[in-house]
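In what follows, every heavy atom counts, from backbone to side chain, and hydrogens, waters and symmetry copies are set aside.
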Amino acid sequence: MSPMKELTMILGSVPRYFNDCIVPSHLWVRLFHKERIYRFWNKIRPSVAFFKPKTIKVIFRSSTKLEKSTEYSFLHPWLGSGLLTSFGSKWRRRRKLVTPAFHFRILEDFIPMFNEQSQILVEKLRQAQSEKWVDIAKYVTLCTLDIICESAMGIKICTQENTDSSYLKSLYEVGETFACRMIRPWLWPMVLFSLFSCGRRLKKGLTELHNFIRTIIRNRKAQILVIRASGNEQDDRNDNKLKTRQPLLDLMINDHLNDLSLTLEGIREEVDTFMFEGHDTTAMGISWTLYLIGLDSFVQKQIQDELDSVFGNDTERSITIEDIKQLKYMDCALKMVLRIFPPVPFIGRTLREDVVVRQKFEILKQKVVIANILRNFNVTSLDPRDKIKIDAELVLRPKQGLRMRIEPRVREMSPMKELTMILGSVPRYLNDWYVTIFLLCLSFVLTFIPSWIRWYKVRNTINKLPGIDFRNPFIGNASLVMRHKDARTIDNINLILFQVTCGFAQLFHKERIYRFWNGIRPSVAFFKPETIEVILRSSTILEKSTEYSFLHPWLGSGLLTSFGSKWRRRRKLVTPAFHFRILEDFIPMFNEQSQILVEKLRQAQSEKWVDIAKYVTLCTLDTICESAMGIKICTQENTDSSYLKSLYEVGETFACRMIRPWLWPMVLFSLSSYGRRFKKGLTELHNFTRTIIRNRKAQILVIRASGNEQDDSNDNKLKTRQPLLDLMINHHLNDPSLTLEDIREEVDTFMFEGHDTTAMGISWTLYLIGLDSFVQKKIQDELDSVFGNDTERFITIEDIKQLKYMDCALKEGLRIFPPVPFIGRTLREDVVVNGYHIPQGSTCFLNIYMLHRNPDVFPNPETYDPDRFLPQHITGRHPYAYLPFSAGPRNCIGQKFAMMEEKVVIANILRNFNVTSLDPRDKIKIDAELVLRPKQGLRMRIEPRVRE
């Protein structure tokens, strides 16, 4: 046997890697395509390659073939026998231990960190725009290293800001020497490797890395021991629950303190393992994805259009878990790249299943980083794929880096582009316009004919009810409004519509019901107690009318706009937050905010008049913010608040849309200036609320971790004591089906309902009191009998119980000017009311404004008379004759909250001032949107009280 043959026997198939004449190794797959398996020799060790699903499945599904191949032993000096390199019972114990650290609820908490670090990356790339090209992999690697350090160890090493970090240099040193050893067979024996310079460099770098990690672990252990010693630990009953909430390092240290079989060195192995796996593989996944996107401008455009549809022009808003769910195309693009360039190209097993523990964590991280880059830049890859030399070590990486040009995105916000953003891309296979038009027409006809038949049947049924006929089927009874002489300007239409609605109620007073058509949609109006009771008492007629859908972009499907099982779940959830004992705790807050209002009115005494509604609205906004979200935004003190401006912007654009039918389709509204203003304001509101929720969630998690939760015996008691935001966050932590976005919907709902309606209730009542000096004097005498001359003492719950006449005055104010004048419900089944058949699909229009003007119940209904609500006059009154807060299953959940707040605010104002309304009622123009408000405000003169 010749020496050459002998060498071949020893080295096996290795020489072929160094012979350019031999077929490249990645083509061996094609040679053995039919067999789906082939053998090769790595020196004297036999190896078998698998590259088909059926053959790989045999290995991966096995519960015994868990031991990694010999090549992984090169990692032992660095990672020890951690999760990547261990096997058998040790691997199973470690796997079971660290799995809870990657629970999906934990991963949501990492998203702000992904945003923060990727924004730093974006800023670094922005600074590099002037360069001809950048190696994107280097930038991304620093970003992912910062992320994994903060998430795995809980510290910031800031390698993106400080590239001279000793930890970073040691990490690079270890990586380089490891790679050198991998491709030099003579260095595989540890004895020889230790003698070479690269072995000494590895040892030095490892000493630095291990000491850094050990110091972090010791310090964190000391902190946890201090917490335990202070008695803030969770009791045993909460151990299982908390186990799924601890980040990686804390979870392992707590396990170490409870079970000494996990040593500090074992913790160090796992932290190093996750540091290695968590930054390098993710960095390559992101880098390869950006490289391929940079080669394909069409794909890049598709992704950026999708990003624009979610974020608009806002490149700074933090990405949320809900945003990520909407990025469907980017998800596909990322998965396609991981197919072409899998970060881990090979997996080796020595015949003893492998599931990536952190795959959700990695995917979330990659999506956030890629999305933040492509929101800000266009990327162009400068090297075609055939020029990229690939280094396939444990991680697939480019040998000479990935050269890319970074350019700022320039958005062309033409109407056509905006339309494309909304409608998405038109399928490219529909190139034949004739075929496209034919198919569209056919689809329209097939859809329109059945709909027209159904509409015709509904029309015949609904027209049997009393009502006024119309000529134009497309605008329905709205033609009565359009023909009015004052309907020349769009702003007057809402006023006229309100007057026409009230006029219809007078025309059909005897019938107690009438029909009208809102375009092609049939509606039936109810304004008598007996007919309204049928609708509101029903447990099935719970779905709000179509008009409420305009609130969906703002409030989502919260308590106001949802229906069915979702509404029932949410209603049950938030009800404890309005328990009477909770409301008592809010009274000091009502006093505090109303005292600020009093001070602001005192400063305005020198003015001829004030618009009382503006002052009161700021007060109720501060109150609901503090009570619902637990924060003070101080809009009474700071009228330049960005939140306040955004709230007004959203309210104004919403009102504009309501009275402009051509803006009802979301597509057209989005293209208009109103739609863009609405979107900008909405982004500000949502981001503000999300930030509050995230911060409060973090605080609650800290409280839970410190062991300050109440024990189980107090759970039921506490459930009725939690304010709204805390109650929902605790429910979210116990039941992830209630997401943070669901909480945002409910908080925004209570912000809208809780400040605007209450503000109008107070303002209208003060206006009516300001018109009637006798009523005002009677209320002030009652206040003096309770408080005397003390105008600063806080009002208590006992004081409120004594203010009987003011309670009547407030209720009478809510009768004449109910803050919510109309309630709309959509019928999902046929209903018979007052002998009339109302078909499914109709809108039930409950006119509360005219219900409160029923002369059979309230004689001289336009007269402001608080005596109507004295006990002797209420007896025998129909329970559905007075509905300022609705009734039935969907009655206002916050009505006690609102009544208490309104009483405290009105009492504090009238303890300090005499109020005089300057405009008689016939001069007040009423805007009836979702909330009844005066079009030009409520002018009142404020004068200090002079007590006799």
Side-chain angles (χ1 to χ4, degrees), residues 104-105 108 310 320-326 328 535-579 582 624 628-629 650 654 666 682 685-686 689-690 692-694 696-697 719-720 722-754 756-757 820 822-829 831 840-844 846 885-895 897 930:
F104 191 73
R105 303 314 304 168
E108 279 193 25
V310 176
T320 67
I321 191 69
E322 297 303 322
D323 297 330
I324 292 173
K325 291 176 183 177
Q326 296 181 59
K328 308 290 188 184
I535 305 301
L536 292 183
R537 285 192 63 179
S538 171
S539 59
T540 56
I541 309 172
L542 297 174
E543 183 177 347
K544 293 295 181 89
S545 61
T546 311
E547 288 74 17
Y548 289 83
S549 64
F550 297 149
L551 290 169
H552 283 171
W554 181 6
L555 309 180
S557 52
L559 199 61
L560 177 64
T561 53
S562 61
F563 61 95
S565 59
K566 182 174 183 178
W567 172 82
R568 290 185 176 89
R569 286 196 306 271
R570 296 284 180 87
R571 176 84 180 200
K572 185 178 180 181
L573 168 64
V574 302
T575 295
F578 293 94
H579 187 274
I582 290 284
I624 196 65
M629 295 196 290
V650 169
F654 170 78
M666 194 62 195
L682 210 55
L685 292 183
H686 287 175
T689 308
R690 288 184 184 116
I692 298 300
I693 293 170
R694 281 198 302 268
R696 185 56 187 154
K697 178 183 175 182
K719 193 173 182 183
T720 63
Q722 300 177 75
L724 178 66
L725 184 58
D726 285 10
L727 187 144
M728 290 193 291
I729 290 176
N730 279 306
H731 188 89
H732 155 74
L733 293 172
N734 297 329
D735 180 7
S737 63
L738 179 72
T739 65
L740 292 181
E741 197 61 17
D742 293 333
I743 297 175
R744 196 272 307 156
E745 290 175 353
E746 296 303 342
V747 171
D748 278 340
T749 295
F750 280 94
M751 289 295 295
F752 163 69
E753 288 190 286
D756 215 14
T757 53
V820 180
F822 311 118
I823 299 172
R825 298 282 174 84
T826 298
L827 290 181
R828 292 304 173 197
E829 58 185 23
V831 175
Q840 175 187 355
S842 303
T843 297
C844 294
L846 312 182
F885 298 103
S886 188
R890 289 203 76 147
N891 69 333
C892 176
I893 195 171
Q895 57 182 299
F897 178 97
L930 289 180

Student check: side-chain heavy atoms of [X] and [Y] closer than 4.5 Å:
X	Y	value
T757	F752	no
T843	R825	no
V747	R744	no
T689	I693	yes
T749	T561	no
R828	I541	no

Atom pair [atom1]/[atom2] of [X] and [Y] - distance to nearest 0.5 Å:
X	Y	atom1	atom2	answer
T739	E322	OG1	CD	4.5 Å
L733	L738	CG	CG	9.5 Å
L542	R890	CG	CZ	6.5 Å
E753	E746	CD	CD	9.5 Å
I893	L724	CD1	CG	8.5 Å
S737	H731	OG	NE2	5.5 Å

Check this for me, if you would: do E745 and R570 make a salt bridge, where the nitrogen-to-carboxylate-oxygen distance has to be below 4.0 angstrom?
yes

Counterpart residues, side-chain contact (heavy atoms from CB on, under 4.5 Å), relative to Q895 (two or more places apart)
F885, N891, C892

If the condition is ring pair (Phe, Tyr, Trp, His ring centres under 6.0 Å), which residues does [X] pass it with, not counting sequence neighbours?
X	result
F550	W664
F750	F578
F822	F845

Determine, step by step, whether T540 and E829 satisfy the side-chain hydrogen bond (donor to acceptor under 3.5 Å, both in side chains) criterion, reporting the C-alpha distance in whole Å, the side-chain angles of both residues, the deciding distance to 0.1 Å, and the verdict.
CA-CA 9 Å; T540 56; E829 58 185 23; 3.0 Å; yes

Can you name the side chain to side chain donor-acceptor pair (under 3.5 Å) partners of D756, sequence neighbours left out?
R933

Run the side chain to side chain donor-acceptor pair (under 3.5 Å) test against S886 and tell me which residues pass, sequence neighbours left out.
none

For [X] against [Y], the heavy-atom pair lying closest together:
X	Y	value
P889	S538	CG-O, 3.7 Å
T320	R694	CG2-NH1, 4.5 Å
P553	L682	O-CD2, 3.1 Å

Can L725 and I692 be said to form a side-chain contact (heavy atoms from CB on, under 4.5 Å), step by step?
CA-CA 9 Å; L725 184 58; I692 298 300; 4.0 Å; yes

Pair K544, T826 - check side-chain contact (heavy atoms from CB on, under 4.5 Å), show working.
CA-CA 6 Å; K544 293 295 181 89; T826 298; over 6 Å; no

In sequence, state the C-alpha distance, the side-chain angles, and the governing distance for L555 and Y548, and then conclude on side-chain contact (heavy atoms from CB on, under 4.5 Å).
CA-CA 10 Å; L555 309 180; Y548 289 83; over 6 Å; no

Distance flag, aromatic centroids of F654 and W554, threshold under 6.0 Å:
no

Side-chain donor-acceptor contact under 3.5 Å, K566 with S557:
yes

